[in-house]
Structure formats: structure tokens, C-alpha cells
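A short worksheet on the structure shown next.
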Number of protein chains: 2
Amino acid sequence: MSRAPKTHLIRDTNDRAALDLMLSDGPVTKTRLGELVGLSKVTAGQLLTRLGDRGLVQVVGTQQGGRGPNAALYGVVPSAGYVAALHIGPDQITASVADITGTELATGELDPHEASDPVEAVRATVANATERAGITIEQLRCLSIGTPGMIDPRTGDIRFANDLPDWRAGVLEDLRRSFQRPILIENDVNLAGLAEQSAGATHGVKDSVLAWIDRGLGLAVIVDGRLHRGAGGGAGEIGYLAVPGASTPHGTDSPQHAAFQSLVSVEAMDTLARAFGLSGDGVGCVRSAVEGDPDAEPFLDELARRLALGLAGICVVLDPELCVLAGEVGRAGGEVLAARVQKAIASLGPNVPTVVPTAISGDPVLRGALQIGLDTARDEVFSNQG
Amino acid sequence: MSRAPKTHLIRDTNDRAALDLMLSDGPVTKTRLGELVGLSKVTAGQLLTRLGDRGLVQVVGTQQGGRGPNAALYGVVPSAGYVAALHIGPDQITASVADITGTELATGELDPHEASDPVEAVRATVANATERAGITIEQLRCLSIGTPGMIDPRTGDIRFANDLPDWRAGVLEDLRRSFQRPILIENDVNLAGLAEQSAGATHGVKDSVLAWIDRGLGLAVIVDGRLHRGAGGGAGEIGYLAVPGASTPHGTDSPQHAAFQSLVSVEAMDTLARAFGLSGDGVGCVRSAVEGDPDAEPFLDELARRLALGLAGICVVLDPELCVLAGEVGRAGGEVLAARVQKAIASLGPNVPTVVPTAISGDPVLRGALQIGLDTARDEVFSNQG
DNA sequence: GCCCTACTGTAAGGTTCCTTTACAGTTACC
DNA sequence: GGTAACTGTAAAGGAACCTTACAGTAGGGC
């Protein structure tokens, strides 16, 4: 350990606790801040003066009502820093810009086919969003990016993303060089899991999983309140999961033709719907079934059974408290599908989680990306090192 | 956050860091302690005086060599506390007594059929071990117990243990009443995983799993350096894992006839050995194969293939860095089996951990139980509350 | 054999950070 | 109009750590 003055540590900790508190609970008075952080009124006042001098907090109003003078309310200065978050999909790139308080200022979009390479695509989308937000790219403290594929947790770089041919190892370095600031790349499903945890169905739950059922299949694993990425960033790649009734997967081919992926996913469900004599695509049939169409009932049961086959294995390994169904299929299936999946899991093993549909509105991947971007931006802006 | 004097926290932290350091690195001088904990020589001296007054550390010798006066070496007082650890098996109960430094003083054994109930069995075995260690039961700060079955992480009580009919919910309460001190009950496979992590193959590894292949089948999941128990304590009950090629499990029957358990385990291997025309039991055949018997080769290959079918699913979900094969089969299979399992996993999915045999000698369950017992005893003895 | 260097261990004084106490000033309620 | 409850600041104090200083001890070089 460093021989550094250890007493600074406690002040830094208190400063950061106060900032986090103002971010989560909104503006507070000196006295209330002291109570919440565990400091005396006097020390809380000194703390706020200090943060005010650094330009991080300001008086944002006065508290009305109650006896005595109207206490000043202190809040975090929104312009202390900005972040940009992106969701990279095969056919669309979405960006969102927010200030340090987490307030979303503007969004931007781009068709990736319009850009020659990832760096150009990111730069164009971010430029679009920052312009609408009325800030410059230079004011961004951090860029966070959600993509399909596997990210190496050691380097933070992409290992491979099947659906995005241009996004391969080295992209991180290119982006860092181009933007000259922290860049975070994270798997899209993992980000959806983080979004669910910070503002959705798994909020406050220690151990949970989020199953992403869409074109691809994925799983976000939350253990003890933290996202588990795995040694090589491959945790949750359940498209490859061997499931009884599917053909045994082989090698590291695309999971499209392997295992769990062959049973569920949007494509597999289209096929399944036809097999049940239904018209329309799989997701449409899920919606019909949820809305009460009796013809689509057996189809929904079979879908629940298939999902349970894979999820039961996951529950046997992890025993999560909660299992969220997300992605287009999870959202379409809603409470009805979730209840059936839970029942089917119960028939397959001893560990039965509560199964629920996602509770995030909007794009959960973008939301999660914003989350991790804000986390690192705050670490940077609020730290006393700079 | 309590309004309590926050400044005590830093002193307590330093005291504890010093104690942990003396436990892991052995006796140290004042000056060296200061360097390692990050304190000045003066403060380190005050710290040691304080801990000496509390009877926790003492001078255990002097450092020879080097200039100047021979510095006094300070170490933790072994008699500051004792713990007992137990491993409950269907046919044998083993106990081990250690002092607060982790030095094992004595062991004891008992045939559980000699005792009328769990409390009696534990009391008799512990009495045996403490007597041999030259201490009394009253000197024990904590008892830790490893059993098969599921433990509820909320209450710490047993939910059920198929192999131990007398060990059921309520045992924890009975033991607490009888011994009037902290009692910890933990799943045996989880304890083996902890032992492996603190002194075995997964030492220093953040994400790992330990597969226990014996009469029963189990998995210890270590995520980010910490044991993952699951919401209901059911994480790692992989006997129920659905695996292609095994019959689909059903309900919460004993896993004996279900899924992964039906493919591997000592009994399944006996059957498998006969099917391959081998004489002797399954474990014996594993040993023969490892020692180079060509007739047993195909048997070992099939065993590795079966293990990989289940482990591949686990790797797809968790992507561990290391996978340990433990239990009687894992130990017998050694490096040879581990290498084949790793190769087989590589053919089944994208996440391939390093597969190794257990590196713990002796009873890993007892070792793990001692570990958690020492952890809580130290928390208690070293805390400043009492 | 002597001196220098490097180390131990303690004493004295200083810094940082937080706390309590005190008080002047402000507002709501009775 | 008085009292109670609150805000915000000033002054004094305590807890924990730090540096500096110094007396004393052991090894190494000449």
C-alpha cells in the first residue's frame, strides 16, 4: 500500500458520497446532506464549499416551508461533463448524449451503410447528437458503445462480432486515437442487463439473469449486483448452449445452426409458427397468442417449453432470484409468456426463479451504455486527481 | 450511514490490515509492518501496542542480521481463539480444530450411526477433537460444518440433504442452542471450491468453477473471487443439468436418475465400465486408463466426452478462466482426464477454460470449512466491538 | 580497535479532518 | 407577540496520522 496521506481518503470518499447522493436523490440542503452522508452540519458545509469551488455543485434553489430560514438547496452542476452512448446494430446506429446528471439532451441516428468504417460511423452519429444537444464533441468526457459480439474484458477491445463485419479487433484503438478520450465497448445484451438492473425489473436484486431473445440469443448474468463478463468476455453466449432436442453444437461456427439458438430466436420462431399452421411471422404469432388468439396458444406453449429447456440449465448453474425475458420476443410475450416459462422451468429442475418480462421502455442497450458511460465519466470528473 | 465517529473506521481498518498481514506473511517488525500497511514507523508502533494490550499480538522473536538493534518480531497470538470445522458425510464425520492463525491442532472422527441425532454427532466429534487439541469446547469461537445438500443463504439453515436423512431444516437452530456460538453450515462442494481457491489450483483466479465428480455431482461457482451460492443456495446443483443424450430430468426428484447425474458419477461409471467390457469399478478403470492401460482408453475418452457435454453448457453461461475437476473421479483422472475434457469442451463451444485436476491434498471439504470458520472467528476476535 | 553507517524505538510537535458548542439571525405556529 | 425550530458560521477541541529529532545498538571498513 502507498505511504500516501491516508486521511485524504476519507474526505474523498465523503465528497464522492455526497455527489452520488445529489445525483440519485436530487438537490439537498446542507443539514440533510450531513445526515445522509454521516457528517456534521459544519463539515457538510465545508464539503459543499469545496465542491462549489471545483465547479461541481451549485445552489439550485431554496427549500420552501418549515421553520427557520429557507435552506439553500445544492445540486450537481449539469455542465460539469457530458457523455455520449451508442448502440451499434447491423442496420442502424443510435446515439444519445447526456450531461453528468444523466439527463438525456439529444439523440442521433445513422444508417451504418452510409459510413465507410466504424470510426467514421461513430463520429458522424456522435456529431449529429452533440450538435442537437448544443455541445461540442470536445466536451464529451467519455464514449460508450454497445455492440453485439464478444468483448475481451482484459483489453476492452472487440474479439469478434458476427453481425458487424467491420467491427473487429483494433476498433477500440482506432476510436481512442480518433477521439482522444476514454472509449468503452460492451456487449449489447450485457448492457440491457445493466439497464434492467439500474432502472428495471431486477433493480435491487442481487442475483439475476436477463435472457435476450431476438435475432440473436444472449444472456446477461448479474451476480451479487455486478455484471459477470467471464474470463474471455464470453459469459452468456447461450446461443451455443447444448439443449436436449436440438442438434449438438459443433466448434465455434456461427450459433445460428447450433443448439439453443436453433430452438428459439426470431428465425426459429418463424419456422415454428408455420409448423403450427399459423400465418404471419413468429413475433406476430406471439403477440396474437398474448392477446388471446386460441389458435396461437399451442405455439406459445411450445415456445415457452423451448425457452425453459435452456433457461432450466442456466438456473441449475446459477440459481438466480429473477429471470427477465427481453429482446423483441421477450417484450412481445410479456407477462403471459413469462408465467408459462416459469411454470415450465419448475417442471425441469429444483431452482425456479421468478420470470418476468423486461420493464425498460425504449432501447435498453442505449440505456445501459449511457449507464456505464456516466459511471466512468463521473469517476473521472469527480475524482480529485485531475 | 451512521453519524458515528468516522475517524475510528480508519484505525480499525489499519488494525485489521496489520493482523491479516501477520497471519499471511508471518511475524514482522514494526518498520516493515508500517511499510506494508502504509503507516509511519511511529503509528505502526502505536498500532502494535494497542493490539498487544488487547492480547492479539505478541513479540515472538527478534530479527537477526542487519545493522542496528535486532528488531522485535511481532506475531498473532495463537491462543486468541479457536475454531472447529466438520465434514459430515453419510458414513463418516470428520472434525478438525485449529487456532486463530490457522494451525491445525487435532482431528476427530465419528461413525454417524453411533449418534442419535445431528447435534449429538457434532458434539461427540468436536469433543473428541478439542480434547486431543488440549482445549475446551468453550474456547471455540465458531463451528463450521460442510454437508451435502442445499443451504438457504438467507437463513444459513439446511433446506434438504438427500444423503443425510437426519440433517434437515432446523438443524442450525438446534446446533446454535446447543453450542451457544456462531454455527456455519455450507454445501460440501462449495467448500471444496473455496479450499481450491485459497490454497489450490484456482488461487488468485477471479472466475472459476470446480466440478465435484463423486457419488454425487456438484459445481462450485467462483465469480470475481467470491463463491456464488445462488438466490436459494441451489447454484451448482448440476446433477439436474439437462444434457443432450441423457433423459430429460423431471421435477425435483433425486437427481440420481436425471440428466447429467445419469451420465457421470461413480455409479454411472461403474455401468459404463462394464459396457466397455472392463473389469473393476469405474474409478478403478479411470486409474488404469491414466496409468496407460490401452483397454481402458476408450472408456476414458467416453467419460471425458460425457463430462464435456455438461461442462460446455456451464462454460457457455459463465466463461470461467479455470475449471477444476475434483471429487474421487477428478482426483483419479488427474492431468490426463483434465486434458481430454478440455479438448472435448473446445469442440463443443466458443468458451474454453483451462481444465485441471484438484491441487488440494487431504479433505478439501474440511479445508474449506476451516477456511470459512477462521474467517468468521477472525471477524469476531479482531473486531473492536467486543 | 575505532569510527562510520544503518538501523531500532521513543518523544515532541505539527497537520488534517471531523466534531461539539455557541450564537446570531429567520420563519412558522399558537 | 412570544416561542420553538430551523439555518448558517465561528471558535475550540479531539482523533488519527505525520515528520523530525535523538538516544541507543549492531555490523563493516580501515
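The chains referred to below are lettered A, B, ... by the order of the sequence lines, with proteins before strands, and numbering in each begins at 1.
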Report yes or no: does Ser144(A) contribute a side-chain atom to a donor-acceptor pair with the main-chain N or O of Ala369(A) at less than 3.5 Å? yes
Is it true that a side-chain atom of His228(B) and a backbone atom of Val223(B) form a donor plus acceptor pair closer than 3.5 Å? no
To the nearest Å, give me how far apart CG (Leu9(A)) and C1' (dC18(D)) are. 16 Å
Electrostatic pair Arg181(A):Glu138(A) at N-O distance under 4.0 angstrom: no
Atom CG of Leu48(A) to atom C1' of dT9(D): distance rounded to whole Å? 14 Å
Quick one: is dC17(C) close enough that its OP1 or OP2 comes under 4.0 Å of any side-chain N or O from His8(A)? yes
Are any side-chain N or O atoms of Gln139(A) and backbone N or O atoms of Thr136(A), one a donor and one an acceptor, separated by less than 3.5 Å? yes
Are a donor atom and an acceptor atom from the side chains of Glu321(A) and Ser208(A) found within less than 3.5 Å of each other? no
Readout for nucleotides 20-30 of chain D: B = base within 4.0 Å of protein heavy atom, S = sugar-phosphate only, - = neither; 5' to 3' it is B---BBBSS--
Electrostatic pair Asp152(A):Arg154(A) at N-O distance under 4.0 angstrom: yes
Check every atom of dT19(C), dA16(D), dT7(D) against the side chain of Ser40(A) and return the nucleotide holding the closest atom. dT19(C)
Rounding to the nearest 10°, end axes of the helix from dG1(C)-dC30(D) to dC30(C)-dG1(D) built from five pairs each make an angle of 0°
At less than 4.0 Å, is any side-chain N or O atom of Arg11(A) found next to OP1 or OP2 of dC18(C)? Yes or no. yes
Where each residue is assigned the nucleotide of DNA chain C containing its nearest heavy atom, which of Tyr74(B) and Gln46(A) is assigned the position nearer the 5′ end? Tyr74(B)
May I ask you to list the residues of residues 23-33 of chain B, by number, that have any heavy atom positioned under 4.0 Å from an atom of DNA chain C? Lys30(B), Thr31(B)
Between Asp12(A) and Arg16(A), does any NZ, NE, NH1 or NH2 come within less than 4.0 Å of an OD or OE carboxylate oxygen? no
What I want to find out is whether Glu35(B) reaches Arg32(B) closely enough, with some N-O distance under 4.0 Å, to be called a salt bridge. yes
Gln63(A)-Thr29(A) side chain donor-acceptor pair, cut-off 3.5 Å: no
Hey, is the main chain of Val126(B) close enough, under 3.5 Å, to the side chain of Thr130(B) for a donor-acceptor pair? yes
How close or far is atom C1' of dA28(C) from atom CD of Gln63(A), stated in whole angstroms? 14 Å
Rounded to the nearest Å, what distance is computed from the CD1 atom of residue Ile10(B) to the P atom of nucleotide dT16(C)? 15 Å
Between the side chains of Glu196(A) and Thr202(A), does any donor sit under 3.5 Å from an acceptor? no
